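Here the structure is laid out as C-alpha cells; the discussion comes afterwards.
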There are 2 protein chains.
Amino acid sequence: METENGTRWLSDEEQRAWRIHLDVSRLLTYQLERDLQPFGLTMNDYEILVNLSESEGHRMRMSDLAAATLQSKSRLSHQITRMENAGLVRRENCESDRRGLYAVLTEDGWETMRKVAPHHVESVRKHFIDLLSPEALEAVHDSLTPIADHLRAQRGRV
Amino acid sequence: METENGTRWLSDEEQRAWRIHLDVSRLLTYQLERDLQPFGLTMNDYEILVNLSESEGHRMRMSDLAAATLQSKSRLSHQITRMENAGLVRRENCESDRRGLYAVLTEDGWETMRKVAPHHVESVRKHFIDLLSPEALEAVHDSLTPIADHLRAQRGRV
DNA sequence: CTGTAGAAGTTGAATTTCGAACCAATGGAT
DNA sequence: ATCCATTGGTTCGAAATTCAACTTCTACAG
C-alpha cells in the first residue's frame, strides 16, 4: 500500500470508510438544516439554544459558548447579534469580569426551544439514530471518541 | 425514554453517539482545511481536483461534478470560476449538448494535485484513519453506509 | 413543425464566514 | 505601583455561500 515516494496511500477499505464518513457528515447537516428551516432556525441557532437551555440561568459566557459550539469568537459574535435581533437571546454584561458578556436566553428563545426541540430530535432519529442498531451505535461512539479527543487536542495548537 | 407529549427523546448513549459524530465531523473538516492551507487550497478545491483527476480526459460535466461533490449548481459555478482564475481548471464546452460545459483540469491543476495529494492523505491518516483499528474502520463503514443511502434518497425529495 | 416544460449553467445581490486588527480589562511579574 | 502579556469580545474588509432570477438549449407532446 506504499509507493516509491513513501506515501502511504489509502487502501480501498480505508478510502471507502473515509468517503462515507465525509458524505454522511455533509448529507446529514444538509438534511437537518432542511428540517429546521420551517421553524426559521439554522443548526447554529439551534445549537446555541440548546447550550443556553442546558446552562443554569439560561446563560453562558460568550467564550464558553464559542468553545462549546466550536465556533470562532468572531463568528459567534455575529451569530449572537443576529439571534438578538430575532429576539431569541440578549447580551448581558458580567460584573465579575467587566470584559465579559453573557448570552442569555429570552423568554421567546426558551419558548422556541421547547417548541422546536421535539421536531429536531425526531429529525435526528429519523436520519441517524434509528438507522443504527444498538451495537452499531456503540461502535460508532467508541470508534469516534479517540478521534474527537485527538482533534480537540490539536485544536489550539499552532 | 418517552415523555407526555409523545416525543422519543434520546437516551444518554444516543445523545453521546450523536454529539460525537457531530463534533468529529466539524473538528475534522476544520483540521483538514488547516492542513491544506499551506498549499493554498480548500477542501472544496481539493475535492474537485480529485474528482477531475479520476475522470477520464480529466474532465467532468458541471452538473455531474456538482452532484459528486454535493454542492449546488450555483456554488459550483462560483467555485470553478475561482479555480479557473487560479489556473487550476478551465471550462470547455460540450458539443453533444450545447447547454453543457466541462470543467477540465489544466496542466497546472494536475501538477498541484500530484504535489498536494500525499500531504492530504497523510493528514487524513493522521487525524482519522490511523486512529481507527481495522475492526473499528469496518464498523464505521458498515454503520454509516445505510445512513448515506437513506440521506441520498432523501436528497432530492421535496 | 411549433410550443412548452424542464435541464444546464450563470449571474447578482444579500447573507454568512473568515482572519486580522483592534479596544478594554485582567492578572501577574517586577 | 507599574508594566505588559493575555484574555474577552467586537469590528472591518475580503472571500465564500445562498437564493432567486435569468438565458439558452433540449426533448417531446400535439
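We name chains A, B, ... by the order of the sequence lines, and we start the count at 1 in each one. Just so we're clear, the structure is a prediction, and the values are computed from it rather than from any experiment. Worth knowing before you read on, the calculation uses all heavy atoms, side chains too, and leaves out hydrogens, waters and symmetry mates.
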Quick one: which of dT10(C), dT17(C), dT18(D) gets closest to the side chain of R75(B)? dT18(D)
Between dT17(D) and N44(B), is there an OP1 or OP2 to side-chain N/O distance shorter than 4.0 Å? yes
Mind checking if S74(B) touches a base, just sugar-phosphate, or nothing, with heavy atoms under 4.0 Å? base
Is a side-chain donor-acceptor pair under 3.5 Å present for Q31(B) with D35(B)? yes
Counting side-chain heavy atoms from C-beta on, which of dC19(D), dC25(D), dG9(D) comes nearest to Q37(A)? dC19(D)
Counting only side-chain N and O atoms of R91(A), is one of them less than 4.0 Å from OP1 or OP2 of dT10(D)? yes
Counting side-chain heavy atoms from CB outward, which of dG9(C), dC25(D), dG12(C) is closest to D97(B)? dC25(D)
Output the rounded distance in Å from CG (L101(A)) to P (dT11(D)). 10 Å
Does the gap between the ring centers of H21(A) and H21(B) come in under 6.0 Å? yes
Verify side chain to side chain donor-acceptor pair (under 3.5 Å) between R26(A) and S25(B), making sure each step is shown before the conclusion. CA-CA 9 Å; R26(A) 286 203 268 231; S25(B) 86; over 6 Å; no
One thing to verify: whether R16(A) and E14(A) come together as a salt bridge, which I'm taking to mean a side-chain N less than 4.0 angstrom from a carboxylate O. no
Please classify the nucleic acid contact of D64(B) as base, sugar-phosphate, or nothing, using heavy-atom distances under 4.0 Å. nothing
Among dT10(D), dT17(D), dG9(D), which nucleotide sits nearest the side chain of Q79(B)? dT17(D)
Of all the nucleotides listed (dG9(C), dG8(D), dT17(D)), which has the minimum atom distance to the side chain of R61(A)? dG8(D)
Check this for me, if you would: do D45(A) and R82(A) make a salt bridge, where the nitrogen-to-carboxylate-oxygen distance has to be below 4.0 angstrom? no
Polar atom pairs between nucleotides 3-7 of chain D and protein, under 3.5 Å, N or O only, would you list them?
| residue | atom | partner | partner atom | Å |
| --- | --- | --- | --- | --- |
| dT7(D) | O2 | R99(A) | NH1 | 2.3 |

Using only heavy-atom distances, decide whether a donor-acceptor pair under 3.5 angstrom links the side-chain of H78(A) to the base of dG9(D). no
Distance-only polar pair, side chains of T81(B) and R91(B), donor-acceptor under 3.5 Å: yes
